Each structure stands twice: as structure tokens, then as C-alpha cells.
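Working notes, structure below.
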Amino acid sequence: MSSADPPSPEAVKTSRYTHRHLHLLRQGSTATPLRTIAHIDLDAFYAQCEMVRLGTPRDTPLAVVQWGSLIAVNYAARPSGITRMVSASEARSLCPNIVLQHVATFREGEGGRWAYRDGSARDVKTEKVSLDPYRAESRKILRTMESELQRWRTDESEGDLYRLTQGLSAGLEKASIDEVFIDLSPLVYCVLLRRYPELRVNALVEKRDEALPPPPTTALEWHPEECLIDLDTQESEEDNPDWDDLVMLTAGEIVRSVRKAVWDNLQYTCSAGIGRNKMIAKLGSACNKPNKQTLVRNRAVRSFLSSYKFTQIRMLGGKLGDQIKSYFGTDQVSDLLNVSLEQFRAKLDDHTATWLYGIIRGEDRSEVNPRTEIKSMLSAKSFRPSINSVEQAEKWLRIFAADIYGRLVQDGILETRRLPRVITLYHRVTVMRSRQLPIPGSSSIDEDTIFSLAQQLLQQVVADGQAWPCSNLSLSVSSFHDGITKNKAIEDFLVRGDQAKSLSHSSRPREPDSPDEQASGQKKQRVDNGGIKRFFNQQTSSEHMAVAGEGIPGQIESDPGHADSGPALPNTPEPPQDSLEIPHFFCERCSQSISEIEREEHDDWHFAKDLQMQDRQEARSSQPLPRPAASSKPSNPRGRGGRGRRRKAKCGWHSS
DNA sequence: CTACACCGC
DNA sequence: GGGCGGTGTAG
């Protein structure tokens with residue numbers, strides 16, 4: 001080729017994405033267009049649990065029964081027209097060879113022990129359902145998924161990258177007994193940097209806004225079992241792939257291995273959806289069931305969503321969706337795309353209008369909340385006919401107490417000291433009502449203390465009148481001591497990472513002051529550490545706080561023992577071995593070498609630390625400053641709810 | 001705190 | 001569609 005030849009169009013083409021887009025993946029930022037979320041959903045979960053327990057072959061029709069109704073139907077039974085709507089007897093006539101397995105039950109006088117009983121031994125009047133076997137399987141599946149993800153982290157990360165991932169969370173959110181969301185962004189980031197060395201250049205902060213080099217391939221080989229959503233009509237499969245396609249390819253590989261691990265270890269099949277946010281991922285996982293995974297590429301989002309009724313989108317399946325349907329005379333996403341933001345604002349409150357406008361265009365910044373621990377436990381029973389006396393009610397309270405206590409023990413409550421602080425009794429006469437009491441922290445929690453508190457609550461209900469006839473009774477424990485409550489308070493202290501990034505470094509992110517926030521020096525210290533750590537990692541779970549420890553961003557700690565190692569840290573670690581040739585810079589303030597990848601975060605960390613000092617001085621002089629006007633997208637249609645509201649002292653870290 | 005909305009099998 | 005069980009928000 002002579003020097004006069006113009007470069008071919010292929011050669012000059014660059015990526016639509018920048019180094020900044022790429023590096024934001026590492027922290028699981030909601031702001032990057034390369035973000036990747038998976039939603040994994042077990043197929044007909046309760047039915048699979050029974051198949052595994054009973055050793056039923058995959059092709060044998062099976063349904064799970066609860067007092068004559070089906071609550072789960074496996075895929076082998078569905079061709080016979082069996083759905084959850086039909087009764088057990090109808091199912092039998094539709095498919096004579098179906099296995100109909102009733103759920104396990106507790107029985108009065110048998111304490112917290114549940115059992116599978118045959119039809120003749122079961123009595124809806126004296127027994128209550130136990131879903132414990134399914135919770136146990138759910139836990140096993142979750143652990144298997146976590147461990148497979150951990151394997152990816154250790155296999156794919158080396159040198160700097162290995163250390164960079166260690167502080168980051170698993171990014172796994174338990175969304176229900178059989179569903180998880182996973183933020184794959186940090187993992188995909190590591191895999192891409194390992195596999196495509198050209199991405200490691202230009203990590204320098206000054207170059208962050210430059211476009212990424214084009215991917216070194218003109219055609220992708222998708223895995224044969226991958227289900228791809230068709231591209232939007234104006235897009236073509238012939239176009240060269242960009243990095244978002246490579247991200248998808250990688251995410252598909254990770255999710256396939258997670259699903260395989262679940263199958264190999266536990267014999268459960270699941271379906272997955274992968275896309276740029278939770279909403280897309282969730283819709284995707286339902287596209288090809290059972291035992292398939294669906295990739296929704298960025299260039300497919302528009303046409304993918306246009307084929308849906310908006311009432312199928314998360315949060316729009318209920319009354320809000322109905323309202324929107326009646327306001328605009330349609331239930332189709334495609335019709336709603338013609339409605340302007342102003343028109344939405346005319347009918348809906350501002351937050352909901354903005355959220356809706358974005359969500360039907362495939363925009364959803366809601367975070368994957370790294371949480372696998374349960375937040376409340378409930379044990380319930382419906383009565384037909386209703387019950388009419390304290391004696392009858394107390395029999396059920398004993399079973400509820402035994403049920404809940406058993407579950408507390410299974411969750412390792414005794415070892416972890418993660419104890420519930422609130423107990424609630426729900427009852428329905430014509431309308432549902434509830435009453436709650438604090439659980440005393442002094443005495444140890446056992447079956448009897450739970451029952452006795454429930455009894456107290458029942459007395460209150462009876463004293464109020466309106467207790468009978470009771471058609472539903474349930475008991476719940478919640479507000480776990482070591483749980484999310486503490487961190488909600490911490491979360492209130494600082495703005496989110498994304499919000500902070502949108503602020504100029506000269507402005508000052510902070511929540512409105514409350515008089516009781518000016519705690520003692522020691523208490524304040526704990527707040528600052530937790531808050532600042534969260535500021536960078538965007539984590540909310542206490543689990544993560546516990547493992548991550550405190551350290552200088554950019555310097556991954558090898559010893560979790562030295563908490564609160566700030567810039568004054570005496571033992572500066574060896575310079576990192578640079579297997580990836582990622583450039584480093586020397587921070588004068590901490591006399592340490594910091595990877596360029598983390599430079600921005602590191603600077604932010606100094607910024608936040610400075611703010612902390614400023615805060616202390618202001619606390620002393622009692623001069624509250626106004627909050628900067630920070631804009632942020634609502635993560636749900638109800639808006640920003642609890643943030644910025646005052647927490648009760650007894651639930652926070654400043655309790656005494 | 002209480003009630004309600006929304007989601008799952 | 002009802003029973004059971006979970007999450008989150010408004011006031």
C-alpha cells in the first residue's frame with residue numbers, strides 16, 4: 001500500500017466508547033453505557049426442588065400442591081395445559097401420570113419440625129405450610145453462584161487487576177427466593193483488560209475522554225446456545241462489533257458458567273437475561289425459558305422494548321401501570337414512546353414522569369444491591385372458616401414462633417448475632433391490621449420469648465376489640481441488628497458516587513445537618529470511615545463493609561487487620577508487580593505509588609478526607625452549610641423516598 | 001409505626 | 001385466583 005492510499009473506512013473507525021466508559025465498569029457505576037447486569041431465575045423453582053428431592057426424571061410431569069391448588073408446575077407438565085390456575089384434581093384429569101407433591105407442613109404440637117405427609121395425613125385445619133425446604137435449596141444455589149463468580153475473579157485477575165477486584169463486592173442481589181441480579185461490570189472489566197491488552201493503554205486520567213480503539217475483530221462468534229435478541233431495524237449484524245458487544249459476549253460466558261455450576265453441583269436449571277440494566281435483564285430472563293439465556297445487546301434495546309406491554313416492566317405491573325394505561329389509552333411501550341415528557345408530567349408526579357420517560361427507552365439506573373441476607377421473616381396462616389377465640393389463635397402463634405425460631409437458627413443467627421429487633425403480628429378481620437413491639441435485647445431469643453411477645457400483641461388486638469372473626473393471622477420478625485439499618489444511616493451521610501462525580505470538586509456533597517448528628521469524636525470517626533468507604537465502592541451491605549475493611553483507595557490491603565489506615569499509614573507496601581503494565585503515579589500526600597486506574601478515586605478520597613476535617617470544624621462551631629443542588633435520577637417511580645430523612649437514633653450507629 | 005403496593009412460586 | 005412469603009415506600 002502506498003502512502004498516498006487513504007486508510008480504509010474500517011481502519012479509521014473507532015469505538016463509540018471512551019476509556020472513561022470502560023473504567024467506570026470497575027466500580028459498578030450506573031453511569032456507563034457498558035454496564036452489564038444479569039438476572040437469573042430458577043425454572044419453576046418449587047417444582048424443581050421437589051424433583052431434586054424425589055429424584056424425579058426431568059421429563060416426568062410434576063406440580064407442587066398447596067391445599068388443593070397448584071403453586072408450581074414443571075415444564076414437562078405444561079404441554080398438558082396445566083397451569084397454576086387449575087386445581088390439583090383438574091391437573092390429575094388433564095395428565096393422569098402427573099406427580100402431585102404437596103408442600104411440607106408443620107403440625108400442632110410438633111414444634112418447629114415440618115414433614116412431608118401423604119394426603120390422608122394432611123389437615124388444613126391443624127397444619128400450616130412450610131416453605132423451609134425451598135429456602136434451604138435457595139441458599140445452596142446462591143452459595144454455588146457466589147463461589148463460581150469468585151472463581152472467575154481469581155482466575156481472570158492477576159497482578160494489579162487481581163488486587164483491584166478483591167475489594168469489590170460480589171454484586172449479587174437476592175431478589176426473591178429464586179431470582180438474583182448480578183452486576184457483572186467489574187468482572188467483565190477484568191476479563192476484557194486481561195484478554196485485550198490494547199485496553200490497558202491510555203489508562204492515564206488525562207486520556208480518559210479519548211475513544212477506545214476498535215475491537216480487534218470484525219465478527220463475533222456467539223456461543224451456539226446463546227439466545228440473541230434481534231437488533232433494531234436500523235442496525236445490522238454486518239456492522240463491526242463495538243466494545244458493548246464484547247462486553248455481552250463476555251457476560252454471556254460468565255453467566256453460562258454460573259448456570260452450569262448450579263446444574264453440575266445441584267441439578268437445577270435456570271434461565272438468565274443479560275442487558276445494560278436490571279429492567280432489561282429481568283425482561284430478558286423470561287424470553288427463553290427454561291434453561292436458556294438471552295442477550296439483549298444495546299443495539300437491540302429499542303425494538304426489544306417496543307414489542308412489550310409496559311405493564312410487563314418491573315414496577316408497572318400494578319396500580320401505577322393501570323393508571324398509566326387509562327391516562328394514555330394504551331398498554332404498549334411503542335405507543336408511549338410518542339408521549340412527551342411534558343405530557344407525562346401533566347398526568348404523573350415529576351419523579352414518576354421522569355422515571356417512566358426513561359424506562360420505556362431502556363434507561364434504568366437502579367443499582368444492584370449487594371445483599372443476600374434476608375431482612376424479615378414471616379409465618380402466616382389463613383383461616384376458612386375464620387377463628388373466633390384467643391385459644392385458637394394461640395395454637396397458631398405457637399407454630400409461628402417455632403417456625404420463625406427454626407429459621408433464625410438456620411440463618412446462623414446464634415453465631416452471627418444478627419438478631420431481629422422488632423416483632424409484628426398481622427391479623428385480618430375485614431381489613432388487615434398490624435401491631436408491633438420491640439424485641440428486648442437483654443434476654444436471648446428463643447421459641448418461648450417469641451411466643452410470649454406474640455401473645456402480648458394478641459392481647460393488645462383483643463383489648464382493642466375488632467379481633468374476631470379472624471380470617472388471617474401472621475407473625476413476623478424484622479429489623480435485624482447487624483443488617484441494612486445501620487448502613488442506611490451511613491448511606492444518608494454521604495451522596496452516592498455517581499452524584500458526587502457530577503459535582504464539581506469545589507462544591508460540597510453533604511446531607512442536611514441534624515442537631516443530633518454532632519456526635520462524639522469516636523462515634524464520628526466510625527461514621528466517616530464507613531461513609532467514605534461507601535462513597536467509593538457504592539456498596540450498601542454490611543457484609544461488604546465487614547470484609548472490605550478500611551484502606552486507601554488505590555492501595556489494596558493485604559492485611560485486613562489494620563483498620564483506618566489513612567495517608568499516615570506507616571508500612572508502605574512494595575510497589576505492585578506490573579503484570580499488566582498499567583502506569584502508576586506517585587501521590588505526594590501519602591508517599592505511595594497508585595495505579596492510574598484508581599487515580600481519580602484516590603484524588604476523590606483525599607477530597608472526602610479533607611471534607612471530613614472541614615466537617616469536624618463546622619460541627620464544633622455549629623455552622624450548618626446549605627446543601628448543594630445535586631441532581632440525580634430517581635431509581636424508582638416513587639422517587640428518592642427515605643434518603644435525607646432523619647433516622648431514629650436507636651437504629652443507627654450513634655445509639656448508646 | 002402502620003398501611004399499602006408490588007413481586008414471586 | 002388464593003395461600004404463603006418477601007421487599008420497599010408514604011404519611
Side-chain angles (χ1 to χ4, degrees), chain A residues 39 41-50 63-74 83-88 90 101-106 124 127-135 137-138 173-181 278 282 285-286 311-323 349 351-352 366 369 371 373-384 400 403-404 407 421-428 431-438 457 460 471-479 483-484 488 634-643 645 648 650-651:
Chain A
H39 179 257
D41 188 329
L42 277 291
D43 302 317
F45 181 52
Y46 292 0
Q48 274 205 91
C49 288
E50 296 302 341
V64 180
V65 181
Q66 177 178 277
W67 311 129
S69 299
L70 304 191
I71 56 171
V73 177
N74 76 354
T83 69
R84 297 200 332 180
M85 301 296 175
V86 312
S87 69
E90 287 163 348
Q101 175 60 55
H102 197 277
V103 298
T105 54
F106 296 107
V124 63
E127 290 169 30
K128 101 156 225 74
V129 161
S130 171
L131 301 181
D132 248 23
Y134 310 136
R135 293 192 194 94
E137 293 300 284
S138 176
E173 173 180 334
K174 178 171 180 160
S176 83
I177 194 165
D178 81 316
E179 287 173 75
V180 296
F181 287 102
K278 287 172 87 169
K282 165 98 187 178
S285 69
T311 48
Q312 293 176 253
I313 293 175
R314 223 162 53 110
M315 322 239 62
L316 292 176
K319 295 196 172 184
L320 177 58
D322 286 345
Q323 277 184 39
D349 72 71
H351 279 108
T352 308
S366 61
N369 213 332
R371 178 184 54 74
E373 307 296 331
I374 203 126
K375 290 174 146 181
S376 70
M377 284 179 193
L378 180 136
S379 188
K381 174 77 181 174
S382 299
F383 307 114
R384 286 187 322 160
F400 295 164
D403 177 11
I404 287 174
R407 284 153 63 182
R421 306 186 117 189
V422 175
I423 183 164
T424 311
L425 183 72
Y426 302 82
H427 62 104
R428 179 155 64 186
V431 50
M432 194 75 162
R433 294 205 182 286
S434 71
R435 302 193 141 264
Q436 55 183 299
L437 277 173
L457 287 163
Q460 288 186 22
S471 62
N472 184 285
L473 206 55
S474 50
L475 188 68
S476 137
V477 295
S478 56
S479 294
I484 207 79
K488 286 283 270 187
S635 59
N636 65 58
R638 308 259 179 268
R640 288 187 281 168
R643 280 214 292 128
R645 283 162 83 156
K648 284 195 328 222
K650 69 174 175 181
C651 291

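Proteins get letters first, then strands, A, B, ... in listed order; numbering begins at 1 in each. All values derive from a computational prediction rather than experimental measurement.
With hydrogens and angles ignored, a donor-acceptor pair under 3.5 angstrom links the side chain of A/Q66 to the base of C/dG3.
DNA chain B is contacted by both A/Q436 and A/G321; A/Q436 maps to the nucleotide lying nearer its 5′ end (nearest heavy atom per residue). Projected onto DNA chain C by closest heavy-atom contact, A/A175 and A/E127 fall at different nucleotides, the more 5' of which corresponds to A/E127. The residue among A/V422 and A/Y426 whose nearest nucleotide of DNA chain B is located toward the 5' end is A/V422.
At C/dT7, one or more side-chain N or O atoms of A/S376 fall inside 4.0 Å of OP1 or OP2 (strictly under the cut-off). A/K174 has no side-chain polar atom (N or O) that falls below the 4.0 Å cut-off from OP1 or OP2 of B/dG8. For A/K128 and C/dG5, the shortest distance from a side-chain N or O to OP1 or OP2 is below 4.0 Å. One finds no side-chain N or O of A/R84 lying less than 4.0 angstrom from the OP1 or OP2 phosphate oxygen of C/dG3. Between B/dA3 and A/R433, a contact under 4.0 Å exists linking OP1 or OP2 to a side-chain N or O. Dashed line: the shortest gap from a side-chain N or O of A/K319 to OP1 or OP2 of B/dA5 is under 4.0 Å. Contact between the side-chain N/O atoms of A/S382 and the OP1/OP2 oxygens of C/dC4 is found at a separation under 4.0 Å. Applying the 4.0 Å criterion to OP1 and OP2 of B/dA3, one finds that A/S434 has a side-chain N or O inside that range. At B/dG8, none of the side-chain N or O atoms of A/R135 fall inside 4.0 Å of OP1 or OP2 (strictly under the cut-off).
In terms of modelled atom types and a separation under 3.5 Å, the side chain of A/S138 and the main chain of A/I177 share a donor-acceptor contact. A/K174 places no side-chain N or O within donor-acceptor distance of the main-chain N or O of A/E373, the cut-off being under 3.5 Å.
Residues satisfying the salt bridge (Lys or Arg N to Asp or Glu O under 4.0 Å) criterion with A/D178, sequence neighbours excluded, are absent altogether. Under the side-chain hydrogen bond (donor to acceptor under 3.5 Å, both in side chains) criterion, A/S476 pairs with no residue at all, not counting sequence neighbours.
Within a 6.0 Å sphere centred on CZ of A/R435, other residues, nucleotides and ligands contribute more than 12 heavy atoms.
Among the protein residues, A/D41 comes within range of the sugar-phosphate backbone only, with heavy atoms under 4.0 Å from sugar or phosphate atoms but none that close to a base.
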